[in-house]
Amino acid sequence: VERRRMLRQCAPSLPVPYIEGIRNFTLTNEAGPCAMAALQKEQVIVENIEAEQRWPAWCAIALKNELRSCWSTPIVAHDGTILGTFAIYSRTASAPSSRMTALIGQFTDLASIAIEQKRREDALRRSEVYLTEAQRLSLTGSFRWRIASGEITWSDETYRIYEIDPATTLTLDIVQERVHPEDRNMLELTRARAPHEAKDFAFEHRLLLPGDVIKYVQVLAHEMHSENGELEYVGAIRDVTDRKKSDDILHRLREELAHVARVATLGELTAAIAHEINQPLAGIMTNASTCLRLLATDDPNLEGARETARRMIRDATRAADVIARLRALFRKQSTTQEAVDLNEATREVLALMSTELTKARVVVHTELGHLPPVSGDRVQIQQVVMNLILNAVEAMSGVPERRRHLVVRSVGTEEEVRFEIEDGGVGLDPESQDQLFKAFYTSKSDGMGMGLSISRSIVERHGGRLWAVPNDRPGATFAFSLPLASMM
C-alpha cells in the first residue's frame with residue numbers, strides 16, 4: 001500500500017481480468033474490502049458478494065469474474081504501518097471457520113515479518129550502494145580496526161586507494177608496507193599508542209605504491225567500544241593527492257609572486273642601496289690612499305698604517321654585509337625552515353633601509369624585547385618586515401616632519417612572538433580597513449596592491465597571523481605574530 005493506492009495484487013489463481021480491473025483503485029473505504037481493511041486496519045469479511053451493497057464498482061468486477069466471497073485481512077508492521085492486505089477469495093459464498101481465521105492471523109504475522117525484513121534489506125542495500133558511490137566520488141574509504149584481535153575491515157574504496165586486492169586478508173603489516181618509508185614512524189607511533197590512549201587520532205601520510213606511485217592520504221579515526229567492551233576504531237581514509245598537488249602548485253605560485261614583489265620592493269630602494277654601498281667603498285679608497293702615504297715617507301708610520309688598514313677591513317666588511325643581505329633578498333629559492341632570531345633579522349632590514357629612512361626623514365625607535373627564536377624562512381620573514389616598514393614610511397610621507405616617528409617593537413610570550421610597526425601617518429580608513437589585506441587592493445596611486453596580501457600569505461604559511469589597528473594618536477599599527485620554533 002503506497003501513495004493512497006492499491007499497487008500490486010499477487011495471486012496465481014486469481015483471474016487476470018479481475019486484477020486488471022481493480023489495479024490502481026484509490027485507497028478509500030468505498031474502493032472495496034481490501035481498501036477498507038487497509039484503512040481500518042481490521043479484518044473485513046464479505047460472505048456473499050451478491051448481497052453486498054457497500055462497493056458497487058468492486059462488486060460488479062468481482063461477480064463478473066465469478067467471485068462470490070472475500071476475506072481480507074490487513075498486514076500491519078510492528079510500528080503500526082500498513083504493509084498490505086491478505087485476501088482469500090472463493091467462488092462460493094462462505095465465511096471463514098475459526099481454524100481458518102487462526103491460520104490467516106498466523107500467515108499475516110509471518111507476512112509482516114517477511115515484508116519488513118525485505119524492506120530493511122532493500123534499504124540497507126540501497127544505503128550500501130549510495131555509500132559506495134559517495135566514497136568513490138569523494139575518494140574517501142572507511143575502515144574498522146579491532147584492537148584486541150587486530151582484525152581490519154575495509155570498504156571497497158579503501159582497497160582501491162591502497163591498491164590492494166579485496167580478497168587479501170588484511171593485517172597492519174600489510175598496510176604498513178604500503179606506507180612511504182619516511183612516514184612509517186608516524187603509523188608505528190599511532191599503532192603503539194592506540195591500545196593504551198584510546199582517543200581519536202588524525203594525521204596525513206604518504207603511500208608508496210607499486211611503480212613508485214606516491215599518494216597522499218588523510219586518516220581520521222574515532223575510538224569506540226564494542227558490545228563486549230573491546231576497544232575498536234572506526235574511521236575514514238581520504239585520498240588527498242590531487243589537493244596536495246594543487247597546494248604545491250599554489251605554494252610555488254605564491255613563492256614566485258613573493259619573489260617578484262621582493263624584487264620590485266628592492267627596486268624602489270636601488271638608490272639607497274647604492275649609497276649604502278658607496279659609503280664603505282669611498283672609505284676604503286680614502287683609507288687606502290692614506291695608508292700608502294703613511295708608508296711612503298722616509299720614516300713610515302706603521303702604527304697609523306695598521307689603524308688605517310683596520311678601517312679598510314671594517315668598511316670592506318660593511319660593504320660585504322650589504323651585498324650579502326641583497327643577495328639573500330634577491331635570491332629565488334624554495335622556503336626553508338630554520339630557527340630565526342626576529343630581532344636580528346629586523347636589525348638587518350633596518351640597516352639595509354637606513355639611507356631610505358634618513359632620506360624620508362623618518363625617526364626610528366626600536367623597542368626590541370628578549371625573544372625566543374621562531375621557526376620559518378628568514379628571507380620571507382624579512383620581506384614581511386620590509387613591506388610593513390615601507391608602508392609605514394609611505395603613510396607618513398604627507399604628514400609634518402615632527403610626526404614622522406616609526407616605532408619598531410617586538411614582544412615575546414610563552415606561546416608566540418609578536419612584532420609591531422607603529423607609524424604616525426594618516427591612519428586607517430574605517431570603510432576600507434577590511435580590504436587592506438586583499439590582493440590588488442591599494443590606496444596608493446602607483447601601488448600594485450600585493451604587498452600586504454603577500455605579507456599575510458607568508459605569515460599565515462608560518463602559522464601566524466597579520467593584522468592592523470588604528471592608534472589612539474595619529475597613525476596605525478601593523479602587527480604580526482609567529483609561533484615559537486618549538487611549537488611549529
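In this chain, numbering begins with 1 at the start of the sequence shown.
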Any non-hydrogen side-chain atom of Ile214 less than 4.5 Å from a side-chain atom of Leu208?
yes

Hey, is Glu303 close enough to Arg306 for a salt bridge, meaning N to O under 4.0 Å?
yes

Taking Lys118 first and then Glu116, would you say they form a salt bridge - that is, a charged N and a carboxylate O separated by under 4.0 Å?
no

I want to check something: taking the side chain as every heavy atom from C-beta on, are Val234 and Met224 in contact at a cut-off of under 4.5 Å?
yes

Could Arg146 and Glu230 be called an ion pair, given the rule that one side-chain N must be under 4.0 Å from one carboxylate O?
no

Using a strict threshold of under 4.0 Å (side-chain N to carboxylate O), is an ion pair present between Glu460 and Arg465?
no

Taking the inter-plane angle between the rings of Phe480 and Phe419 on a 0 to 90° scale, is it parallel (under 30°), tilted (30 to 60°) or perpendicular (over 60°)?
tilted

Partners of Glu344 by salt bridge (Lys or Arg N to Asp or Glu O under 4.0 Å), sequence neighbours excluded?
Arg378

Taking side chain to side chain donor-acceptor pair (under 3.5 Å) as the test, write out the residues that go with Glu188, two or more places apart.
Gln176

Identify the residue among His180, Arg178, Lys215 that makes a side-chain contact (heavy atoms from CB on, under 4.5 Å) with Arg206.
His180

Do the rings of Trp154 and Tyr162 sit parallel, tilted or perpendicular, given the 30° and 60° boundaries?
tilted

Check whether any side-chain heavy atom of Asp200 sits under 4.5 Å from a side-chain heavy atom of Leu220, and report yes or no.
no

Carboxylate-amine/guanidinium proximity below 4.0 Å for Glu151 and Arg144
no

So, are Arg243 and Glu204 salt-bridged, with charged N and O less than 4.0 Å apart?
yes

What residues form a salt bridge (Lys or Arg N to Asp or Glu O under 4.0 Å) with Glu223, not counting sequence neighbours?
none

